[in-house]
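Order of the sequence lines sets the chain letters (A, B, ...), proteins ahead of strands, with each chain counted from 1.
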Number of protein chains: 2
Amino acid sequence: MSAMTTTSPQGRTELLRPDGSPVRVLVVDDELSITELLSMALRYEGWQIRSAGDGTGAVQTAREFRPDAVVLDMMLPDMDGLTVLGRLRRDLPDVPVLFLTAKDAVEDRIAGLTAGGDDYVTKPFSLEEVVARLRGLIRRSGAADRRSDSVLVVGDLTLDEDSHEVSRAGENIHLTATEFELLRFLMRNPRRVLSKAQILDRVWSYDFGGQANVVELYISYLRRKIDAGREPMIHTRRGAGYLIKPAAS
Amino acid sequence: MSAMTTTSPQGRTELLRPDGSPVRVLVVDDELSITELLSMALRYEGWQIRSAGDGTGAVQTAREFRPDAVVLDMMLPDMDGLTVLGRLRRDLPDVPVLFLTAKDAVEDRIAGLTAGGDDYVTKPFSLEEVVARLRGLIRRSGAADRRSDSVLVVGDLTLDEDSHEVSRAGENIHLTATEFELLRFLMRNPRRVLSKAQILDRVWSYDFGGQANVVELYISYLRRKIDAGREPMIHTRRGAGYLIKPAAS
DNA sequence: TGTGTTTCTCAGGAAAATCACAGCTTTCAG
DNA sequence: CTGAAAGCTGTGATTTTCCTGAGAAACACA
């Protein structure tokens, strides 16, 4: 099933299927809070979501829902993750799967699985990460000519979601993982004020219990790397949040 | 459920559902004074309002009322806010929710709430803020192609609710949060006289106990930034209030 | 295990925003 | 013309919000 993209007037890029209908994603996890969180966030991407709490339900739902991608927790009550994967693949041989695993889980098992083009994130994850990986999976599972989609551009600032390369005015910039995710979130919502709460909810993992001023701190880091000595692109809206926009305007 | 807008002859922009019927909003709070206050303000927007005083009532009402948005206090007598959310979502998976929280409880556990596109305001809130957030939620939950809806225009003055940018005759103008809200209120009611009491009630939070002349003060601030050296757009109607209108006429 | 990197807390200080107060100006009724 | 009410705005105190340096803790990798 191939996917195309359109860009809404907001500047938000949306993934769509070739026939224009929304992308379908199946979320499988036994913790209700996780499926709720993911469902909500993925719906916000404009995708159509179904969820299941165990392997049996997952296989059943997949059969009739025919998702374009599956988010699958490796730890399910009734079945081993691999078994679920096998049954899913019997019905939907090409569907890409994003695995959710515990941080300390054995990685060698996953390694073999992701060779097939699948991917995984470790719990606790950040929503930006899950969304980005899913977008990647869906994009790659479809028409191959969509390389440009992985590059975000705002003014003379570019961010490549595949290679994780960032550059401003042609000059390469090294970012840490968190800085990268924060910048990606800003760049996916250019010219829009994002509150610290929104940023925290999307960029930091869902169990983050720390101080809200990490956002300020990382904005500060980003400014040093992105805006240093240049026309600033990251702006503070006191009492509201932050936004990024081309330096020109 | 998607939403569209029409502009009434008065120049007031109203949110409507695709079939032309008014937007429906469910208000949930255990304090009667709050539900009354909100109901009145939201009805004034032309919306259809139902209210509930606890979680059980909220879930029941939602089921038959099928609101386009919900205003939900996190502190309810019978249920935890998140529990209510879960039950609401079971019936109405896509309904956006605006949470009301106490100022000091913010850190508590709002985490993840804004991630799904939901939003929150802290008590004590200003009605303009609640209305603006609700409008945003409803707009985004509906058809995606509505950029123009986030921009208010009066004469050569424009205000963008997404980027929080204000400009007159193409020139960018920086406003503080309060100035921005005041101007938004004026611009949402162009050519209409708004009394100081109305302004105070709408733009300042409901527990504001200060001097009434803050309104005069902020009108003064606005004039310096908006009207300075130009044909004035903000006019005083002595003994009645203020109004904004295009400079031309 | 050691080393360099990254993430995050804490706290001080800077900057900005909000608002009270008071004196001044404008408007208008009589 | 005059006084009172209504509105305007300069000054500055207070509060809020934001920024950032320093360093601790966690982590990644050799």
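- The backbone N or O of A:Asp73 sits nowhere less than 3.5 Å from a side-chain atom of A:Asp29 that would complete a donor-acceptor pair.
- Atom-to-atom, NZ of B:Lys225 to P of D:dT9 comes out at 14 Å; the value is rounded to the nearest Å.
- With contacts defined as side-chain heavy-atom distances shorter than 4.5 Å, the pair B:Arg135/B:Trp47 qualifies.
- Look at B:Thr176 and you'll find a side-chain N or O under 4.0 angstrom from OP1 or OP2 of C:dT18.
- Side-chain contact check for A:Lys123 versus A:Met75: every heavy-atom pair is 4.5 Å or farther apart.
- The CD1 atom of B:Ile199 sits 16 Å away from the P atom of D:dA6 (whole-angstrom rounding).
- Rounding to whole angstrom units, NE2 of residue A:His164 and P of C:dT6 are separated by 14 Å.
- In this structure, A:Phe208 and A:Trp204 have tilted ring planes: the angle between them lies in the 30° to 60° band.
- Closest to the side chain of B:Gln211, out of C:dT7, C:dC19, C:dC21, is C:dC21.
- Side-chain contact between A:Thr35 and A:Leu32 is present, with at least one heavy-atom pair separated by less than 4.5 Å.
- The separation between B:His174 atom NE2 and C:dA15 atom C1' is 11 Å, rounded to whole Å.
- When the C1' atoms of four end pairs are superposed on the next four at each end of the helix from C:dT1-D:dA30 to C:dG30-D:dC1, using five pairs per end, the two resulting axes differ in direction by 30°, to 10°.
- By the 30° and 60° cut-offs, the orientation of the rings of A:Tyr206 relative to A:Phe125 is perpendicular.
- The minimum heavy-atom distance between A:Ile234 and A:Ile219, with the atom names listed, is CG2-CG2, 4.1 Å.
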Checklist outcome for this item: Contact string for nucleotides 12-30 of chain D, one letter per nucleotide 5' to 3', B = base within protein heavy-atom range under 4.0 Å, S = sugar-phosphate only, - = neither, reads -----BSBBB---------
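- Between A:Trp204 and the phosphate of C:dC8, there is a side-chain N or O to OP1/OP2 separation shorter than 4.0 Å.
- Rounded to whole Å, the distance from CD on B:Glu181 to P on C:dT18 is 10 Å.
- Atom CG of B:Leu85 is separated from atom CE of A:Met40 by 5.0 Å, given to the nearest 0.5 angstrom.
- Following rounding to the nearest Å, B:Leu194 (CG) and D:dG7 (P) show an atom-to-atom distance of 14 Å.
- The CD atom of B:Glu165 sits 8.5 Å away from atom OG1 of B:Thr158, with the distance rounded to the nearest 0.5 Å.
- Taking side-chain N and O atoms only, B:Thr178 has no distance below 4.0 Å to OP1 or OP2 of C:dA17.
- Between A:Phe180 atom CZ and C:dT6 atom P there is a gap of 14 Å when expressed in whole angstrom units.
- As a whole-Å value, the separation of A:Glu179 CD from C:dT7 P is 7 Å.
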